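We count ligands from 1, going down the list as the structure has it; atoms in each ligand are counted the same way. Keep in mind it's a predicted model, so treat the numbers as computed, not measured. For this chain, numbers begin at 1 and follow the sequence in order.
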Amino acid sequence: MTAEQQKQQVALKALEYIKEGMVVGLGTGSTAKFFIEGLGTKVAEGFQIKTICTSEESENLAKQLNIPLTDFTEVEVIDITIDGADEVDKQFNLIKGGGGALLREKIIASSSKQEIIIVDEKKVVEKLGKFHLPVEIIPYVWQTTQRKIEALQGITMIRQRDGGIFVTDNGNYILDCNFGSIDNPQLLERNLNMIPGVVENGLFVNIATTVIVGSDEGARELEKQ
Ligand code: A5P
């Protein structure tokens, strides 16, 4: 099975967790896209849910598929969020933000009763860090924020798109940071967020409640260690 097929497989599996009447958080990225498309099919068949999106990209897709949207003026808590990840370890720590949506993803995840992560099996690792950690920073004097992040022993690259600096849905920049193998995700998450100019980083610690992994034998829930 290719990674692409596994993404479809886990997205389909995640649909089984969605019950009528729920408020559902919609993740961002190619795996979440399969899930949103599947949800769109159910909605077209009359399935009742409301959703909150983690990016403009996902919101546009939801609108195209006539999936009902809501917001935090209407709801206080999200029942379940389905999102992808760039890396997952066996303690369910994640690196997210490959698509640049980490800030809204973390806000939505932290307001969700269940955060279900759907990944192909290549994303499950012993230790996080091979995938460079996205850190969202404000544009104002961003080079000084970059220097402070590098003082935490990281090598950083400002993310580019179409010949210019990539800008997030929130009007910020992303630094992709190589910290090598991350021994203590919780500490790094905290230290990064202490730096003025850092808005949020892509380490998600103690947030995922379930991880669904694709494989040739079928989608399965990862056992937490
Ligand atoms: C978006 O910013 C990310 O956090 C995605 O959830 C993550 O990059 C996974 O994306 P794919 O499903 O496209 O691999």
Do you know the tightest heavy-atom contact between Phe131 and Ile95?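 That closest heavy-atom pairing would be O-CD1, 3.5 Å.
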Distance-only N or O hit between ligand 1 and Ala32, under 3.5 Å: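 There is no such contact.
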Please check whether Gly99 reaches ligand 1 - meaning an N/O of the residue sits under 3.5 Å from an N/O of the ligand, judged on distance alone.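 There is such a contact, yes.
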Lys33: heavy atom below 4.0 Å from ligand 1, yes or no?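 Heavy atoms of Lys33 never come under 4.0 Å of ligand 1.
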Going by heavy atoms, is Gly27 under 4.0 Å from ligand 1?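 In this structure, Gly27 fails to qualify as a contact of ligand 1 - no heavy atom is under 4.0 Å.
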Which protein non-hydrogen atom lies closest to [atom], naming both residue and atom, and how far is it?
| atom | answer |
| --- | --- |
| atom 5 (C) of ligand 1 | Thr28 O, 3.3 Å |
| atom 6 (O) of ligand 1 | Lys96 NZ, 2.8 Å |
| atom 12 (O) of ligand 1 | Thr31 OG1, 2.5 Å |
| atom 2 (O) of ligand 1 | Ala101 N, 2.8 Å |
| atom 11 (P) of ligand 1 | Ser30 OG, 3.3 Å |
| atom 1 (C) of ligand 1 | Glu105 OE2, 3.1 Å |
| atom 7 (C) of ligand 1 | Asp86 OD1, 3.2 Å |
| atom 14 (O) of ligand 1 | Lys123 NZ, 2.7 Å |

Select the closest option to atom 3 (C) of ligand 1 among Ala85, Gly29, Gly97, judged by heavy-atom distance.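 Nearest option to atom 3 (C) of ligand 1, by heavy atoms: Gly97.
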Answer yes when Glu189 and Lys106 have at least one side-chain N-carboxylate O distance shorter than 4.0 Å, and no when they do not.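 A salt bridge links Glu189 with Lys106.
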Does Lys13 pair with Glu16 as a salt bridge, N-O distance under 4.0 Å?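 Yes.
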